[in-house]
Amino acid sequence: MKKKKWLGLMLVLMLLVSGGCAAQQAQGEMRILTTFYPMYVFTLNIVDGMQGVTVQNMADQSVGCLHDYQLQTRDMVALEDADVLVINGGGMEQFMDKVITLRSDLPVIDASEGIPMLETDGHEHEHEAGETEAYNAHVWLDPQLAAMQVERIGEGLAAADPSRAEAYRTAAADYAARLRALGEELAQTLAPVKGEKIITFHEAFPYFARAFGIEIAGVIEHEPGEEPSTREIAETCDLVTSLNIQALFVEPQYPQKAAESLARETGAQIYTLDPVVSGDSSKESYETLMRENARVLLEALSK
Ligand SMILES: [Zn+2]
């Protein structure tokens, strides 16, 4: 009888202790790893000012988009220490198989989950199976879709780190609202050039173009990181001439040689559109670079 009472008391105490822990839920260190620049900036905005939360970006600033990116030694070290990984998804991170092999226990937040993706243009049949990405993953260049990605990241962080769930959700909602407002602002900026045709460097801009009513007539480099073939340059050259295109858009992260020879042959001017895959690592940098893109487009297409 005495022993039973004692056991009962122990049980009550244990319940009290565990209940107390759950209510407090100590906030531990949270190390977030992101795969590349846009995911890094989005996550920075969500975790801004939170004690004990750090964000590290995997790919080097000079990499640009992750097409054909191979994991570096420093990435593997970062992966070992990470508590959660934020990826763009949609096939942008082709090294995910390797990530899963290295850290099968690591929670992964796919920022594009649930966002319908555009198929890549009709060029994939020319390549070996598996070489080309079937969907265009550059969704972050439409601010409305970027806002959805931010909310997705916020939800993912809340699930991975419940002790800060409310803070993640609130900050994600605030930043997403800012991005939606940015989208409306850019739509107004670009209203005068709606329906214009442009040629971009690689296939980074279809979501941007769709959002603002711009038409992408062609791209200079079909396989990012690979110089376009003579035939591809000749085709683009014909396109520029036949559509009377005045502006070619290069990207700061990629060489401009092909665009320069096209410009020489056609008399078109070269401008820079930034796919926001590198920057000054400031929280505002997505908004700054997107406003600059709109300004450059307006200038180039108003001529
Ligand atoms: Zn790209």
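Order of listing sets the numbers, starting from 1, for every ligand and every atom in it.
- Excluding waters, the set of protein N/O/S atoms under 2.8 Å from the Zn ion (ligand 1) reads Cys65 SG, His67 NE2, His138 NE2, His202 NE2.
- Evaluation of the ring-ring contact (aromatic ring centres under 6.0 Å, His included) test over residues 229-248, restricted to residues two or more places apart or in two chains, returns none.
- Hydrophobic cluster of Val250: the remaining members, joined at side-chain heavy-atom separations below 4.5 Å, are Ile270, listed by chain and number.
- Taking Tyr168 as the reference, nothing meets the ring-ring contact (aromatic ring centres under 6.0 Å, His included) condition, with sequence neighbours excluded.
- Across Tyr69, Phe42, Trp140, a single residue satisfies ring pair (Phe, Tyr, Trp, His ring centres under 6.0 Å) together with Phe36, and that is Trp140.
- Residues Leu157 and Arg164 form no side-chain contact, since every pair of their non-hydrogen atoms from C-beta on lies 4.5 Å or further apart.
- Between Tyr37 and Tyr40, the ring planes lie tilted relative to each other; the angle falls in the 30° to 60° range.
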